[in-house]
Trainee: 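One structure, pasted below without further comment.
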Amino acid sequence: GGLVVSFGEMLIDFVPTTSGVSLAEAPGFLKAPGGAPANVAIAVARLGGKAAFVGKLGDDEFGHMLAGILKQNGVSGDGLSFDKGARTALAFVTLKSDGEREFMFYRNPSADMLLTPDELNLDLIRSAKVFHYGSISLIVEPCRSAHLKAMEEAKKAGALLSYDPNLRLPLWPSAEEAREQIMSIWDKAEVIKVSDNELEFLTGSTTIDDATAMSLWHSNLKLLLVTLGDHGCRYYTKDFKGSVDAFKVDAVDTTGAGDSFVGALLGKIVDDHSILEDESRLREALTFANACGAITTTKKGAIPALPTVSEALELIKKSSS
Ligand code: ATP
């Protein structure tokens, strides 16, 4: 199979052992490996695909622990760098009473922000069939330049570019800056996935309809996806559009559902880009991706909850009977 290379941050989320409490009230925290681009790479590998993660970790116990997690999950670490000075990033995560997640980050700066263009493993990046990234790596230099260079090299070598902005507002100097920077690379990507919240944020519209989604369309784009949590997803191509329902599951923690969804889809597209032009096969791939997203909500944490192919197929089979 073809290689999916995912670029960006990998970090440790500290999740309260008790849910529904503030950070100050939390009696203790569990450490959960995270970072959306790393989750996507692991999702691809868990489903049997070939994946690599490109990014920088601290040369500390947490950094080496994360590198070990990539390895145990079959993700190539050939694109990893380690910073001697800065620490692996940490994020403390709380679930507010309305179900929204709140993040408090420790990055001043963290190792992921210090990846330089010179440190990139260009051979690895040029061997990608799909190159995936988010927007957190655009926030500061030198990582921003590394991100832009990696994207350009992957593109030149013929990779399909996939973008999940993965908005984390507290990390940006301002909302305007976030919107501007996220949109600055918008027209490079051929596959873009946004959540309903991100669609609202980027368009400024409070109605989530086809017109709002299509206002984000650009001429290089092959597939635009809007994920809607337990309402499934919507898809847009230049020739067709539609929606695919979610699976019914008992959700306990939605962390990583979007990354699982993206990884599942990219794992399908990487070996056959023609899925993007064939609506019935695209719907089949999105059904699989929805199943993977749904399963990821049924266990705590992102990475431990990423499914295998047989778990996903079992949910699809169970739901259609
Ligand atoms: P993340 O929380 O990782 O940022 P996201 O907001 O990008 O995720 P979601 O819309 O939450 O993405 O989830 C992605 C997909 O996972 C959905 O399109 C859906 O198929 C599935 N999913 C998410 N939440 C649920 C749920 N509660 N029940 C069933 N399926 C779900």
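Ligands are counted one by one from 1 in listed order, and the atoms in each one are counted from 1 as well.
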Trainee: Could you list which atoms of ligand 1 come closer than 4.0 Å to a heavy atom of G256?
Mentor: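 Selected atoms, number and element: 3 (O).
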Trainee: Can you tell me which residue and heavy atom of the protein come closest to atom 16 (O) of ligand 1, and the distance to 0.1 Å?
Mentor: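 Here the nearest protein heavy atom works out to G293 CA, 3.4 Å.
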Trainee: What residue and atom, counting heavy atoms only, is the protein's closest point to atom 26 (C) of ligand 1, and at what distance?
Mentor: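 Ranking protein heavy atoms by distance from atom 26 (C) of ligand 1, first comes D230 CB, 3.6 Å.
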Trainee: Give yes or no for whether the N/O distance cutoff of 3.5 Å, strictly under, is met between N290 and ligand 1.
Mentor: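 Yes, at least one N or O pair falls under 3.5 Å.
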Trainee: Does an N or O from T227, backbone or side chain, lie closer than 3.5 Å to an N or O of ligand 1?
Mentor: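 Between T227 and ligand 1 (N or O atoms, distance only) the closest approach is under 3.5 Å.
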Trainee: So, R281 and D272, do they make that salt bridge, N to O below 4.0 Å?
Mentor: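 D272 and R281: salt-bridged.
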Trainee: Report yes or no: is the cationic atom of K241 (NZ for Lys, CZ for Arg) under 6.0 Å from the centre of the six-membered ring of Y235, at an angle within 45° of the ring normal?
Mentor: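 Verdict for Y235: no cation-pi partner in K241.
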Trainee: Which of the numbered atoms in ligand 1 are below 4.0 angstrom from a heavy atom of F247?
Mentor: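 This gives 28 (N), 29 (C), 30 (N) as the contact atoms.
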Trainee: Run the salt-bridge test on K56 and D83 with the 4.0 Å N-O cut-off and return the result as yes or no.
Mentor: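 Salt bridge between K56 and D83, a charged N being under 4.0 Å from a carboxylate O: yes.
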Trainee: Taking both backbone and side-chain atoms of F261, is any N or O found less than 3.5 Å from an N or O belonging to ligand 1?
Mentor: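 Looking only at distances, the answer is no, because the N/O contact criterion of under 3.5 Å is not met.
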Trainee: Using a strict 4.0 Å cut-off to heavy atoms of K193, name the atoms of ligand 1 that fall inside it.
Mentor: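 Listed by number with element, the hits are 5 (P), 7 (O).
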Trainee: Starting at CG of D123, measure out to CD of E153 and round the result to the nearest 0.5 Å.
Mentor: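 That separation rounds to 10.0 Å.
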Trainee: When you check the gap from the basic side-chain N to the acidic O, do E152 and K149 get nearer than 4.0 Å?
Mentor: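 The answer is no: the pair does not qualify as a salt bridge.
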Trainee: Check the angle between the aromatic planes of F131 and Y133 and answer parallel, tilted or perpendicular using the 30° and 60° thresholds.
Mentor: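 Tilted.
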Trainee: Checking contacts here: is it the side chain or the backbone of T296 that comes within 4.0 Å of ligand 1, counting heavy atoms only? Could be both or neither.
Mentor: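 Near ligand 1, T296 shows nothing, with every heavy atom at 4.0 Å or more.
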Trainee: Could you check whether F92 and Y106 have their ring centres less than 6.0 Å apart?
Mentor: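 Distance test on ring centres: under 6.0 Å, yes.
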Trainee: Please list, in number order, the atoms of ligand 1 under 4.0 Å from a heavy atom of V249.
Mentor: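 Every atom of ligand 1 under 4.0 Å from some heavy atom of V249: 28 (N), 29 (C).
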Trainee: Quick check against the 3.5 Å criterion: does T88 have a side-chain atom that pairs as donor or acceptor with the backbone of L57?
Mentor: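 It does not hold such a pair.
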Trainee: For ligand 1, which atoms have a heavy atom of S195 less than 4.0 angstrom away?
Mentor: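 Counting from 1, the qualifying ligand atoms are 6 (O).
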Trainee: To the closest 0.5 Å, what do you measure between CG (D278) and CG (D239)?
Mentor: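 Here the interatomic distance stands at 11.0 Å.
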Trainee: Specify side chain, backbone, both or neither for A294, according to which of its non-hydrogen atoms lie closer than 4.0 Å to ligand 1.
Mentor: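 For A294, the contact with ligand 1 is made by both the backbone and the side chain.
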Trainee: Could you tell me, atom by atom, which parts of ligand 1 come under 4.0 Å of a heavy atom of A251?
Mentor: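 Here the atoms of ligand 1 in question are 27 (N).
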Trainee: State yes or no: are the ring centers of Y163 and H132 separated by less than 6.0 Å?
Mentor: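 No, the ring of Y163 stays outside the 6.0 Å limit from the ring of H132, centre to centre.
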Trainee: Closest non-hydrogen protein atom to atom 2 (O) of ligand 1, residue and atom name please, with distance?
Mentor: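 Heavy-atom neighbour on the protein nearest atom 2 (O) of ligand 1: R101 NH2, 2.8 Å.
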Trainee: Short list, please: which atoms of ligand 1 are under 4.0 Å from a heavy atom of T254?
Mentor: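 This gives 2 (O) as the contact atoms.
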Trainee: Got the closest protein heavy atom to atom 3 (O) of ligand 1, with its distance?
Mentor: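 The closest one turns out to be G258 N, 3.1 Å.
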Trainee: Do the charged groups of D210 and R234 touch, with an N to O distance under 4.0 Å?
Mentor: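 Yes, charged N to carboxylate O under 4.0 Å.
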Trainee: Below 3.5 Å, N or O to N or O, backbone or side chain included: is there any such pair between R168 and ligand 1?
Mentor: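 No, R168 has no N/O under 3.5 Å of an N/O on ligand 1.
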Trainee: Indicate yes or no for a side-chain donor-acceptor contact from S260 to the backbone of G256 under 3.5 Å, with no hydrogens or angles considered.
Mentor: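 Such a contact is absent between S260 side chain and G256 backbone.
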Trainee: Could you pull out, from G34, G229, A257, the option with a heavy atom nearest to atom 31 (C) of ligand 1?
Mentor: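 Among G34, G229, A257, the closest heavy atom to atom 31 (C) of ligand 1 belongs to G229.
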Trainee: Does the pair E190/K155 count as a salt bridge with the N-to-O cut at 4.0 Å?
Mentor: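 Looking at K155 together with E190, the answer is yes, because their closest N to O distance falls below 4.0 Å.
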Trainee: With a 4.0 Å heavy-atom cut-off (strictly under), which part of K248 contacts ligand 1: side chain, backbone, both or neither?
Mentor: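 None of K248 does.
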Trainee: Any atoms of ligand 1 less than 4.0 Å from a non-hydrogen atom of T297? List them with their elements.
Mentor: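 Listed by number with element: 23 (C), 24 (N), 25 (C).
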Trainee: Which residue and atom name correspond to the protein heavy atom nearest atom 18 (O) of ligand 1, and how close is it?
Mentor: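 Looking only at protein heavy atoms, the one closest to atom 18 (O) of ligand 1 is G232 O, 3.0 Å.
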